[in-house]
Amino acid sequence: LARADDDLVRYQAYAAIANLGTDDSVADLVAAFHHDPSPTVQINGGGCGVAHCGMLTRAQRMMAVPGLLEMVEDQALAGAIQAYAYRALREITDENLPDDARQWREWYATKFAETLEKFRKLVGG
């Protein structure tokens, strides 16, 4: 989404997107986390925005889980970015699984819907 050559401008754009708090903003934040060329923008803009910063509800953040699973399986990503993706998964889901994509995929297949429903029932999502 943000195409500026300046990392600071892109970071600020993603921070603003996180503060929108809309369902549509989740995909933009995940894309920045996964694909921005700057690790700072990836982590502080996209990652923080989708995991815990901004105005997204917990249920909205859960919509980022499929994209985060793709990230932890992407061998082209730097190890630090993958580590942050696992951290985001733990923060969003309240699960304490290890950095193991297979275990997270299994959790997604068996527990995602139940967890999403639980978060939707919480006041403020």
Side-chain angles (χ1 to χ4, degrees):
L1 177 66
R3 304 189 199 297
D5 291 333
D6 186 325
D7 293 357
L8 179 59
V9 171
R10 288 196 320 280
Y11 161 73
Q12 290 173 331
Y14 289 116
I17 289 168
N19 284 317
L20 291 174
T22 64
D23 292 353
D24 292 337
S25 63
V26 174
D28 292 329
L29 294 168
V30 172
F33 193 16
H34 195 162
H35 301 291
D36 195 275
S38 166
T40 299
V41 175
Q42 284 180 293
I43 295 166
N44 297 328
C48 178
V50 80
H52 55 82
C53 300
M55 299 302 294
L56 295 172
T57 66
R58 178 60 70 76
Q60 287 173 312
R61 293 177 199 285
M62 286 288 288
M63 303 290 56
V65 170
L68 294 171
L69 292 174
E70 289 178 18
M71 287 181 67
V72 300
E73 294 172 334
D74 185 349
Q75 298 305 310
L77 283 182
I81 300 300
Q82 282 185 328
Y84 277 104
Y86 280 117
R87 180 177 169 187
L89 283 167
R90 285 189 281 278
E91 288 182 20
I92 292 167
T93 65
D94 278 341
E95 291 293 330
N96 195 22
L97 295 175
D99 291 2
D100 180 332
R102 184 191 54 74
Q103 287 186 44
W104 278 103
R105 280 281 177 197
E106 184 176 308
W107 175 88
Y108 181 75
T110 60
K111 303 283 184 168
F112 176 81
E114 170 187 327
T115 304
L116 177 59
E117 187 59 29
K118 175 180 82 171
F119 291 147
R120 282 185 173 151
K121 289 180 180 178
L122 293 175
V123 174

About how many Å separate [atom2] of [Y] and [atom1] of [X], when rounded to the nearest 0.5 Å?
X    : Y    : atom1 : atom2 : answer
L89  : W107 : CG    : CH2   : 8.0 Å
I92  : Q60  : CD1   : CD    : 11.5 Å
L56  : I17  : CG    : CD1   : 10.5 Å
R58  : R120 : CZ    : CZ    : 14.0 Å
Y108 : T93  : OH    : OG1   : 12.5 Å
D7   : T40  : CG    : OG1   : 6.5 Å

[X] side chain near [Y] side chain, heavy-atom distance below 4.5 Å:
X    : Y   : value
Y14  : F33 : no
W104 : V65 : no
E106 : L97 : no
M63  : D23 : no
L20  : M55 : no

E95/K111 ion pair, N-O < 4.0 Å |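 Salt bridge between E95 and K111, a charged N being under 4.0 Å from a carboxylate O: no.
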
Nearest heavy atoms of [X] and [Y], plus distance in Å:
X   : Y   : result
Q42 : H35 : NE2-N, 4.2 Å
A88 : L68 : CB-CD1, 4.0 Å
D74 : A76 : OD1-N, 2.9 Å
R90 : P98 : NH1-C, 4.0 Å
G49 : A18 : CA-CB, 3.7 Å
A85 : V72 : CB-CG1, 3.7 Å

With distance as the sole test, does R61 use its side chain to make a donor-acceptor pair with the main-chain N or O of V50 at under 3.5 Å?
->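 Present.
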
Are the side chain of Y11 and the backbone N or O of D6 linked by a donor-acceptor pair below 3.5 Å?
->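 Flag not set: sc Y11 to bb D6 has no pair under 3.5 Å.
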
Atom CZ of R87: over 12 foreign heavy atoms under 6.0 Å |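 Counting other residues, nucleotides and ligands, CZ of R87 stays at 12 neighbours or fewer.
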
